[in-house]
A.B. asks: 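One structure is given below, represented as structure tokens, and several questions about it will come after.
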Amino acid sequence: MKSQQTNLFCFVLVVLMAATTLLAGDSEKEAVPAAVKAAESWLGLVDEGEYGKSWEQSAELFRAALSKEEWEESLNSAREPLGEMIGRKVKSTKYATSLPGAPDGEYVVIQFTTSFTNKNSAIETVTP
């Protein structure tokens with residue numbers, strides 16, 4: 001069960017966020033810092049338990065894949081065992097104009113190394 005929760009947690013944090021206004025017209029050099037800021041803000045909602053609000057701020061593609069209730073339920077079961085977020089650092093960023101299963105556009109795949117009270121090191125991936 002714990003393995004399923006970890007896998008689910010990894011899956012649900014690969015999110016296409018609605019940050020296109022931050023990226024529109026930006027060059028790659030400008031898009032990355034804007035995307036990191038948007039991802040950190042979005043993860044802040046998740047850290048605060050504002051799962052419904054984080055779903056509302058996700059991209060339409062993500063919201064079409066699962067309901068708000070499914071998202072909240074998934075995060076409740078995945079995040080609770082981890083405990084509170086202690087710290088988070090950007091591990092890597094990768095600019096892309098094409099991603100599997102997503103329309104062509106401007107994306108930044110961001111990986112964070114995050115520590116929680118019950119898990120010293122986890123990787124979170126967010127794709128604005």
Side-chain angles (χ1 to χ4, degrees):
M1 181 71 157
K2 198 166 199 164
S3 176
Q4 282 182 313
Q5 289 177 337
T6 302
N7 290 339
L8 177 61
F9 183 65
C10 292
F11 166 75
V12 295
L13 285 179
V14 179
V15 178
L16 296 172
M17 295 169 37
T20 53
T21 55
L22 291 173
L23 298 177
D26 287 346
S27 69
E28 177 180 345
K29 190 174 184 177
E30 295 167 327
V32 171
V36 169
K37 184 176 179 178
E40 289 173 334
S41 175
W42 183 85
L43 283 169
L45 292 174
V46 175
D47 293 337
E48 294 169 9
E50 296 285 342
Y51 304 151
K53 200 170 193 175
S54 71
W55 182 87
E56 291 166 4
Q57 290 188 10
S58 296
E60 185 177 328
L61 182 64
F62 178 77
R63 292 191 314 265
L66 80 162
S67 71
K68 185 176 184 178
E69 293 75 23
E70 291 169 323
W71 174 245
E72 290 172 326
E73 186 178 306
S74 295
L75 279 181
N76 277 323
S77 65
R79 279 300 287 259
E80 189 177 322
L82 298 174
E84 290 185 35
M85 191 277 293
I86 297 171
R88 176 179 288 125
K89 291 182 188 178
V90 174
K91 178 182 179 187
S92 67
T93 59
K94 183 180 177 190
Y95 180 84
T97 56
S98 178
L99 292 175
D104 287 348
E106 292 186 86
Y107 302 98
V108 180
V109 179
I110 306 161
Q111 286 195 323
F112 295 92
T113 301
T114 308
S115 56
F116 298 91
T117 54
N118 299 326
K119 183 157 182 66
N120 281 342
S121 184
I123 301 297
E124 296 175 298
T125 303
V126 181
T127 305

A.B. asks: Just wondering, do P81 and N118 contact through their side chains at under 4.5 Å, heavy atoms?
C.D. replies: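 Counting from C-beta outward, N118 and P81 never come under 4.5 Å.
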A.B. asks: With respect to V126, which candidate in V108, L43, V46 satisfies the side-chain contact (heavy atoms from CB on, under 4.5 Å) definition?
C.D. replies: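 When V108, L43, V46 are each tested with V126, the side-chain contact (heavy atoms from CB on, under 4.5 Å) holds only for L43.
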A.B. asks: Please check if atom CD in E80 has more than 12 non-hydrogen atoms from other residues, nucleotides or ligands closer than 6.0 Å.
C.D. replies: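 No, not enclosed.
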A.B. asks: Indicate yes or no: at least one non-hydrogen side-chain atom of T127 is less than 4.5 angstrom from one of V109.
C.D. replies: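 In short, these two side chains touch, coming nearer than 4.5 Å.
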A.B. asks: Whether the side chain of S58 engages the backbone of R63 through a donor-acceptor N/O pair (distance < 3.5 Å, no angle test) should be reported.
C.D. replies: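 It does not hold such a pair.
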A.B. asks: Taking side chain as C-beta onward, heavy atoms only, is D47 less than 4.5 Å from R79?
C.D. replies: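 Yes, their side chains come closer than 4.5 Å.
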A.B. asks: Mind listing the closest non-hydrogen atom pair of P128 and A35 along with its distance?
C.D. replies: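 That would be CG-O, 3.6 Å.
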A.B. asks: Can you name the closest pair of heavy atoms from G101 and L61 and give their distance?
C.D. replies: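 Distance-wise, the nearest heavy atoms are O-CD2, 3.7 Å.
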A.B. asks: Starting at NZ of K119, measure out to CE of M85 and round the result to the nearest 0.5 Å.
C.D. replies: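 Interatomic distance, K119 NZ to M85 CE, rounded to 0.5 Å: 16.0 Å.
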A.B. asks: Check whether any side-chain heavy atom of E40 lies under 4.5 Å from a side-chain heavy atom of I110, and answer yes or no.
C.D. replies: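 Not in contact.
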A.B. asks: Is K68 close to Y51 at the side-chain level, that is, under 4.5 Å between some pair of heavy atoms?
C.D. replies: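 Contact flag for Y51/K68 side chains = no.
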A.B. asks: Return the NZ to OG1 distance between K89 and T113, rounded to the nearest 0.5 Å.
C.D. replies: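 Spacing of NZ (K89) from OG1 (T113) equals 8.5 Å.
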A.B. asks: On the 0 to 90° scale, with breaks at 30° and 60°, tag the W42-W71 ring pair as parallel, tilted or perpendicular.
C.D. replies: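 Tilted, since the angle between the ring planes falls between 30° and 60°.
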A.B. asks: Out of curiosity, S115 OG to N120 CG, how far, rounded to the nearest 0.5 Å?
C.D. replies: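 Those atoms lie 7.0 Å apart.
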A.B. asks: Is there a path of hydrophobic side-chain contacts, each under 4.5 Å between heavy atoms of I/L/V/M/F/W/Y residues, joining L66 to L75?
C.D. replies: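 Yes: a chain of side-chain contacts under 4.5 Å links L75 to L66.
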A.B. asks: Check whether S41 reaches the backbone of K37 with its side chain - one donor and one acceptor, N or O, closer than 3.5 Å.
C.D. replies: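 No; zero donor-acceptor contacts below 3.5 Å.
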A.B. asks: Does some side-chain heavy atom of F116 sit less than 4.5 Å from a side-chain heavy atom of I86?
C.D. replies: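 Not in contact.
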A.B. asks: Of all heavy-atom pairs between E70 and S67, which one has the smallest distance, and what is that distance?
C.D. replies: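 Shortest heavy-atom separation between E70 and S67 comes out as OE1-N, 2.7 Å.
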A.B. asks: So Y107 and K94, side-chain contact (heavy atoms from CB on, under 4.5 Å) or not? Walk me through it.
C.D. replies: CA-CA 8 Å; Y107 302 98; K94 183 180 177 190; over 6 Å; no
